[in-house]
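Heads up, the thing below is written out as structure tokens.
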Amino acid sequence: MIRRVPLAVAFLLGVPLVHATDAPVAPTLSAQDVTREVEQWRQGRLQRLTAPDGWLSLIGLEWLHEGANRIGHAADNDIVLAAGPDHLGTVTLGPDGALSIALASGSGATVDGKTVASAPLVDDMHAGAGNPTTVQFGTASFYVIDRDGRKALRVKDTEAPTRKHFLGIESFPIDPSWRIVAQWVPFDPPHKLEIGSVIGTIDAVDVPGKAVFERNGKTFELLPYQEEPGGELFFVIADRTSGKETYGAARFFYAALPAGGVKQPGTVVLDFNRAYNPPCAFTPFATCPLAPPENRLDIAVAAGEKKYAGSHH
């Protein structure tokens with residue numbers, strides 16, 4: 001869907017037109033500074049991706065059914081894991097969503113680092129500080145994720161083939177012109193935006209405002225959301241390179257909050273050089289959001305990460 005609007009209209013929609021001189025403006029950077037910052041960001045991105053528990057370590061996404069779920073490496077389990085002992089134990093999912101695990105004798109597994117016979121499991125949507133209960137067995141581990149009320153085991157292994165045989169990240173050359181200072185137009189109240197995912201779920205997220213920018217004489221807008229209250233602006237986008245030079249489903253990037261906060265007009269920095277592939281570009285065991293129609297740009301964004309050479313699709 002084309003997101004191109006007349007600039008005069010872009011700042012209305014219930015919000016008074018505010019000029020950049022009337023609101024906090026993001027600082028400009030030299031081309032050298034942009035290049036240095038993006039290079040540093042790319043180094044950190046690569047370290048996070050290839051970390052022992054990074055996205056490349058995924059070896060399974062196993063959906064639980066209500067009741068007892070016998071898990072382990074042997075074929076006679078309800079859920080067959082790609083690593084670990086033949087019989088690890090039983091995960092029980094109650095009708096109220098409560099979870100627990102009873103470990104098999106001799107499994108050698110631990111729960112949050114403790115040797116126990118059984119324990120409750122807290123999924124990623126209900127864990128404090130985003131730390132779900134982790135079951136560790138050898139080089140592998142799992143925790144429970146909750147996606148739209150469905151529960152699954154997210155299984156990781158430091159020896160995962162995707163991690164051991166990682167082919168690296170190819171990116172477009174850093175282009176300072178793709179670091180764009182956009183106008184920030186707040187929404188009061190926030191708008192709702194439906195975000196689909198690769199597993200077929202649809203989440204309605206709160207969009208605090210929109211970023212409006214010009215490129216090649218045309219005006220575009222993007223709608224971000226915040227993954228947690230007060231967090232950075234998170235953009236899920238697609239463009240004319242999607243499915244060709246770049247990953248087809250979406251690319252992601254974050255932006256710092258406007259200087260005056262999301263409720264005030266101002267400016268926000270969109271650095272497309274930091275557009276990166278979602279986990280689904282590297283593994284089939286992730287649950288990534290898809291670019292909504294509102295964020296499909298009618299322009300080729302030749303910046304950021306390119307399609308992964310080892311992509312499974």
Euclidean distance, W184 CH2 relative to T267 OG1, rounded to 0.5 Å: 11.5 Å

Main-chain N/O of I79 paired to N77 side chain as donor or acceptor, under 3.5 Å: no

Electrostatic pair K192-D206, nearest N-O below 4.0 angstrom: yes

Any side-chain donor near an acceptor of the partner, T139 and D157, under 3.5 Å: yes

4.5 Å side-chain heavy-atom contact, T287 and I145: yes

Reference residue F252; test ring pair (Phe, Tyr, Trp, His ring centres under 6.0 Å); the match among F234, Y247, F235: F234

Side chain to side chain, L99 and V91, heavy atoms closer than 4.5 Å: yes

Charged tip of K306 within 45° of F172 ring normal and under 6.0 Å: yes

Side chain proximity check, I169 to Y308, heavy atoms < 4.5 angstrom: no

Interatomic distance, Q47 atom CD to R42 atom CZ [nearest 0.5 angstrom]: 14.5 Å

T283 side-chain N/O to C280 backbone N/O, donor-acceptor pair under 3.5 Å: no

Under-4.0 Å salt bridge between R45 and E305: yes

Whether H73 side chain and L81 backbone form a donor-acceptor pair below 3.5 Å: yes

Reported CD1-to-OG1 distance for the pair I101 and T90, which is rounded to 0.5 angstrom: 8.0 Å

Smallest separation among heavy atoms of L58 and T162, with atom names: O-OG1, 3.9 Å

Side-chain heavy atoms of F253 within contact of I237, under 4.5 Å: yes

The single option from E232, R274, E227 passing side-chain hydrogen bond (donor to acceptor under 3.5 Å, both in side chains) against Y254: E227

Straight-line distance of D298 CG to R296 CZ, nearest 0.5 Å: 12.5 Å

Modelled atom types, side-chain donor and acceptor of D78 and H65, under 3.5 Å: no

Flag, side chain of N295 to backbone of V236, donor-acceptor distance under 3.5 Å: yes

Sole candidate of D203, D123, D124 that passes salt bridge (Lys or Arg N to Asp or Glu O under 4.0 Å) when paired with R147: D124

Residue of the set V135, D86, L88 for which side-chain contact (heavy atoms from CB on, under 4.5 Å) holds with S107: L88

F213 and F272 aromatic ring geometry - parallel, tilted or perpendicular at 30°/60° bounds: tilted

T201 and R150 side chains, donor-acceptor separation under 3.5 Å: no

Distance, nearest 0.5 Å, that separates NZ of K263 from CG of L257: 12.5 Å

Donor-acceptor under 3.5 Å (R154 side chain, E62 main chain): no

4.5 Å side-chain heavy-atom contact, I299 and F220: yes

E159 and K164: CA distance, side-chain angles, deciding distance, salt bridge (Lys or Arg N to Asp or Glu O under 4.0 Å) verdict: CA-CA 6 Å; E159 297 298 309; K164 293 177 68 176; 3.7 Å; yes

From CZ (R48) to CD (Q43), nearest 0.5 Å: 11.0 Å

Salt bridge present between D53 and K156 (N-O < 4.0 angstrom): no

